[in-house]
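Each chain gets a letter, A, B and so on, in the order the sequences are listed, and its residues count up from 1. If you're wondering where the values come from, they're calculated on a predicted model, not measured in any experiment.
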Amino acid sequence: MKRTKVLHLLSAESPIEELLVKGWVRTRRDAKGFSFIEINDGSCLANLQVVADTTTPGYDMVTKLSTGSAVTIIGELVNSAGKGQKWEVQARKIEVISVAPENYPLQKKRHSDEFLRTIAHLRPRTNKYGAAFRIRSELSWAIHKFFREKGFCYLHTPILTGSDCEGAGEMFQVTAMDLKNIPKNNGRVDFEQDFFGTPANLTVSGQLSAEMFALALGEVYTFGPTFRAENSNTRRHAAEFWMVEPEMAFYELSDNMDLAEVFIKHLVLHIIEKCSEDVALFSKFVDKTLMTTLENIIQNNFVQLPYTEAIDILLKSGKTFEYKINFGTDLQSEHEKFLTEIHFKKPVIVYNYPKTIKPFYMRVNDDNKTVAAMDVLVPGIGEIIGGSQREERLDFLESRMEELGMEKAPYWWYLDSRRFGSAPHSGFGLGFERLLMLVTGISNIRDVIPFPRTPNSIEF
RNA sequence: UCCCCAGUAGCUCAGUCGGUAGAGCAGGAGACUGUUAAUCUCUUUGUCCGCGGUUCGAGUCCGUGCUGGGGAGCCA
């Protein structure tokens, strides 16, 4: 007999005479002569209630079924005689696959997120984390679906990179050298003897590679792991996270901003529709304002606000900020919060930042003071997307690199794209985990990553 | 890296003025019931984070280290 999943049983249209279901025991309630066993197999949030009585083959083992035990049930799907569920399984045979002993760490009660992080290998067995990781999966699929329907190519950019100054933060160095016996030349590390013959790092962004493919395939996106060796200790940062980076030929900044908005709205709507049961758990137990927040994102136009106007609003707010704001300073958390949570109360796209605080590849505007950059800020999370129109003019790009004291030689291939058939193009990077935090209301990035990596933490 | 807070039973926590520790849940035993994180009775469990100090006496006060959390910076 073929195994049926709990998800399908609970959404059955009619009774089923014989079925096979396997899963893990969430809880067991004994009555005189029979027991209720709740089974979860991960296919959905809800448990399946199984009723077994003393005549059921295997019943002698039922009383030993503890939370976490794995079982096989053969039985019949019938309308439940009790309240609280439509269907239940009347067991005909129960086989115990394994019994979880009394020291099984997950109990039938609420555990703190901090404790569950210490048992990250077991926490997906809880309602909350099961829901979070089902949503993570669905959100990944939704991203691919969105781009596929728009005719984007999915691009795999390298994880290992020889570029060491992409300006996106501290990088993890990668080497095949014996660290206990590093080859030296005149007292310096001799990278010529390393695997690639030159220093190598883990990628901090696939953008520069993606630009090359956008200028060939038109519209591309990457979706993969990204690494930052920043010593960041916050609930919004991880050393290893996933980033979505679309890159589009012939897109100008406004096209870029419009895509970012449509993208986020599409994904939020998708999750509300496809994961309603899991989302309901989060809005009930994790963040009571979640549905309001998500509706707000779907229904309202994002504010598109030039950086200079953002500065004006902040200056005229009458609020005293810890960090003084004026043209040329970057927006701090407190400023982003003010704009998204107090002033506009919805997502805000700030664009045209001073070129002094943005990287070399962003397109310089006609005022020669600002660049065509844009950051999407959302209430509660802050920056979720950072992007720009890229500088497609070779002379502008080279003089920017010179201004910043960058060595041009390693970028020969990047500059080549501006020599041969250069064209306006734009793109952005979206922090996948931050989007997950947004749609679940989970406030710590460590709780939306299966096995999170943060400073001093690489267990599991 | 900086600032703040916390660390007590397997888990979540309480512990007054400094006098050698307690509850709920979990575990164990029993009762009862188409039960819903079932209920009721009985019951086991402690390196009070480590080290040092003050004191007749420290879970409690002081110093220090470690771990965790929140905020800031860096950023997605």
| request: For nucleotides B:rG34 and B:rA38, find the distance between their C1' atoms and express it as a whole number of Å. | output: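 Their C1' atoms lie roughly 11 Å apart.
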By a strict heavy-atom criterion of less than 4.0 Å, which residues belonging to [range] are in contact with RNA chain B?
range	answer
residues 16-29 of chain A	A:T27, A:R29
residues 279-289 of chain A	none
residues 70-98 of chain A	A:S80, A:A81, A:G82, A:K83, A:Q85, A:E88

| Can you name the one residue among A:T161, A:L160, A:N201 that meets side-chain contact (heavy atoms from CB on, under 4.5 Å) with A:V174? |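 The residue from A:T161, A:L160, A:N201 that satisfies side-chain contact (heavy atoms from CB on, under 4.5 Å) with A:V174 turns out to be A:L160.
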What's [X] touching, base or sugar-phosphate or nothing? Going by heavy atoms closer than 4.0 Å.
X	result
A:H111	sugar-phosphate
A:Q49	base
A:Y323	sugar-phosphate
A:S112	sugar-phosphate
A:I384	sugar-phosphate

| said: Are A:Y59 and A:F34 an aromatic pair, judged by ring center distance below 6.0 Å? | reply: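 Centroid separation for A:F34 and A:Y59: 6.0 Å or greater.
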Short N/O separations, protein against nucleotides 2-10 of chain B, under 3.5 angstrom:
{"from": "B:rG10", "atom 1": "N2", "to": "A:Q107", "atom 2": "OE1", "distance (Å)": "2.8"}
{"from": "B:rG10", "atom 1": "N2", "to": "A:Q107", "atom 2": "NE2", "distance (Å)": "3.1"}
{"from": "B:rG10", "atom 1": "N3", "to": "A:Q107", "atom 2": "NE2", "distance (Å)": "3.2"}

Side-chain N or O of [X] versus OP1/OP2 of [N]: is the shortest distance under 4.0 Å?
X	N	value
A:K337	B:rA72	yes
A:R117	B:rG69	yes
A:S333	B:rG73	yes
A:S232	B:rC74	no
A:R434	B:rC75	no
A:K108	B:rA38	yes
A:N444	B:rG70	yes

Does the plane of the ring in [X] sit parallel, tilted or perpendicular to the ring in [Y]? Use 30° and 60° as the thresholds.
X	Y	result
A:F146	A:H266	tilted
A:F360	A:Y414	perpendicular
A:Y221	A:Y154	parallel
A:F321	A:F338	perpendicular

In terms of side-chain heavy atoms of [X], which of [options] is nearest?
X	options	result
A:F36	B:rC74, B:rA76, B:rG34	B:rG34
A:R235	B:rG70, B:rG73, B:rU36	B:rG70
A:R236	B:rA72, B:rC11, B:rG34	B:rA72
A:I445	B:rA72, B:rA76, B:rG68	B:rA76

Close N or O pairs between protein and nucleotides 28-33 of chain B (under 3.5 Å):
{"from": "B:rC32", "atom 1": "OP2", "to": "A:K32", "atom 2": "NZ", "distance (Å)": "3.3"}
{"from": "B:rU33", "atom 1": "N3", "to": "A:D30", "atom 2": "O", "distance (Å)": "3.1"}
{"from": "B:rU33", "atom 1": "O4", "to": "A:D30", "atom 2": "O", "distance (Å)": "2.7"}
{"from": "B:rU33", "atom 1": "O4", "to": "A:A31", "atom 2": "N", "distance (Å)": "3.2"}
{"from": "B:rU33", "atom 1": "O4", "to": "A:A31", "atom 2": "O", "distance (Å)": "3.4"}
{"from": "B:rU33", "atom 1": "O4", "to": "A:K32", "atom 2": "N", "distance (Å)": "2.9"}

| field | Heavy-atom check, side chain of A:D255 versus side chain of A:E252, under 4.5 Å | value |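 Counting from C-beta outward, A:D255 and A:E252 do come under 4.5 Å.
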| Quick one: are A:P424 and A:Q389 in side-chain contact, heavy atoms under 4.5 Å? |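 The answer is yes; the side chains approach within 4.5 Å.
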Between [X] (side chain) and [Y] (backbone), is there a donor-acceptor pair under 3.5 Å?
X	Y	answer
A:S112	A:F115	yes
A:E247	A:F428	no
A:R434	A:E383	yes

| said: If you apply the rule side chain to side chain donor-acceptor pair (under 3.5 Å), what do you find for A:E88 with A:S80, and how did you get there? | reply: CA-CA 5 Å; A:E88 68 185 18; A:S80 178; 2.9 Å; yes
| said: With a 3.5 Å limit on both atom pairs, tell me what B:rU47 is paired to, counting Watson-Crick and G-U wobble, or say none. | reply: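 By the stated definition (distances under 3.5 Å), nothing pairs with B:rU47.
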All N/O contacts under 3.5 Å from nucleotides 43-48 of chain B to the protein, with atom names and distances to one decimal?
none

